[in-house]
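Okay, so here's the structure we're looking at.
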Amino acid sequence: MDNTNNQPLGFEALGVAPALLRAIGELGFEAPMPIQQLVIPHLNEKEGDVVGLAQTGTGKTAAFGLPVLQRVDTSLAQPQALVIAPTRELCLQIAGDLADFSKYIDNLRILPVYGGSSIDSQIRALRNGVQVVVATPGRLIDLIKRGEVKLEHVHTVILDEADEMLNMGFLEDIEEILSHVPEQRKMLMFSATMPKEIEGIARKFMHDPIEFVAGNKNEGAKNVKHIYYMVKAHDKYLALKRIVDNAPDIYGLIFCRTRLETQEIADKLIADGYNADCLHGDLSQAQRDLSMKKFRDHVTQLLVATDVAARGLDVDDLTHVINYGLPEDVAVYTHRSGRTGRANKTGVSIAIIHSREKSRLRQIEKKIGKEFEYKKVPTPEHIIEKQIYHLADRIERVAVDDAQIGRFLPGVRKKLEWLSEEDLLKRVLSLEFNRLLAYYRDMPEIDLNESVHRDKGGKEKKRSRREKEKRDRDRRGGGMKRGGKAKRSAAQQVKAGREKKGKKKGYIGTPANEVQPRPNYNGNYDIFKKKK
Ligand code: AMP
């Protein structure tokens, strides 16, 4: 598409077919996102392979998906496009998105194939004929070896999250897969970061690759604000609680470095009354599915996760990503922070660090080309004020069922008529906040800069603070969703199971398939098929 004026073009002008336009119109895609502006016309019209530097959330699935779907010959019931992704969750996500886009194209079938689920059903679906296969490398190789997937008609190969695939050691598998695909294929590779190895793959497997960059190389998502808090290492958890208490509507992912730390932080948050859950590799697939589903459905407000386990989790509306300490690898930070501020929304990526992590913070700043804003850990006074006004806000906005509530009003009014209006308000607020007030009473500053100036050798003060923390943990309930009793999370159940049996226990009665498929899943196992 010749766009000499450099004006952004609409989807139609980019050459997207009417059936696809109709579907994406229904999905609310009004204007192409930058990566779509770049990639769609290239794939539709030009020769040569493509390396796209794009974070998740930039719209890359539609960038490669729309042209690929458009190129499929629906009269041929053979795989013509192959999408390779590192995790089963990403596979399902991509296959689901492609199914949504191709809703109005007859006889176009998309099949996600991934490990950990029945290969027989996948074989059956393949035999019935699919044109787009979205696969994890290991399962695809298995199917190739069994002669169940034929790749001789594949004209387009997409490697998504290529840097993740390299991190997971899939390089050899990718080589093996590509050896079964015709030489003349068109190939696209998407990666959130651009390590040297990715350039190596491009050189080795791609023909005249053209590099598209959505944003700067290795840059964090544009609309993400990067903030750091600095505390002593042993105050990190307290800082986390304050940050969360200061954001009553938070919907956030908290990244820890190890499975153990992930479980510990989730356990502590749950014990302290927060609506939290965990996601890490020691959980069974069924438990991980359930944790992800609950988080996606906003049943859980805070998900504590390892980087590996969170790979497949795709959520658009995260308000916060919290780095409980900084990752060793700068690319990992880019991935973490890229999970917020997606689909043109704004997001916040927070790092809770101690002073020795400052140099790594600077390295990250250099790499992402953005500065972290230093913020003081919220003070108890500030948190309480924030929470009280948040409740006042909710009081103003709550829907009132006049007929139902009205019936009880006269009686309740009579009972409380001895209270003045001010007394009444004070009591309502106290009901909600007494525990929070007790927790934060006499709580010292934990911000490192503050505490350094404060009282350097104050062991007494430190000990009494610890005791107070412990005392108040029991007293404090409700957390963010005060008053309601949260359902037992996967983390709680694992913990309970451990305590009961002396070892970790599965999430009883929760098979993986209890996780609801997307609405366009046509009950026919994994096949994603369009519906009219
Ligand atoms: P992706 O990077 O492919 O995971 O896309 C991130 C999110 O942006 C997904 O929820 C898409 O549905 C959404 N999206 C993709 N393209 C557009 C667009 N042109 N307009 C609005 N939303 C979009």
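Note that ligands are numbered from 1 as they come in the structure, with each ligand's atoms numbered from 1 the same way. Throughout, numbering of the chain's residues begins at 1 and tracks the sequence.
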Using the ring of Tyr114 (Phe, Tyr or Trp, six-membered ring only), decide whether Arg139 places NZ or CZ under 6.0 Å from its centre and within 45 degrees of its axis. no
Taking the ring of [Y] and the ring of [X], is the distance between their centroids below 6.0 Å?
X	Y	result
Tyr333	Phe372	yes
Tyr251	His320	no
Phe190	Phe64	yes

Does an N or O anywhere in Ala62 fall below 3.5 Å from an N or O of ligand 1? no
Polar contacts were defined as any N/O atom of the residue lying under 3.5 Å from an N/O atom of the ligand; does this apply to Glu30 and ligand 1? no
List every atom of ligand 1 that sits less than 4.0 Å from any heavy atom of Thr61, numbering the atoms from 1 in the order shown and giving each element. 1 (P), 3 (O), 4 (O)
Using a 4.0 Å cut-off to any heavy atom of Phe11, which atoms of ligand 1 qualify? 19 (N)
Honestly, for Gln93 the part within reach of ligand 1 (heavy atoms, under 4.0 Å) is neither
Are Glu365 and Lys370 side-chain neighbours, meaning at least one heavy-atom pair lies under 4.5 Å? no
Has Ala31 got any heavy atom lying under 4.0 angstrom from an atom of ligand 1? yes
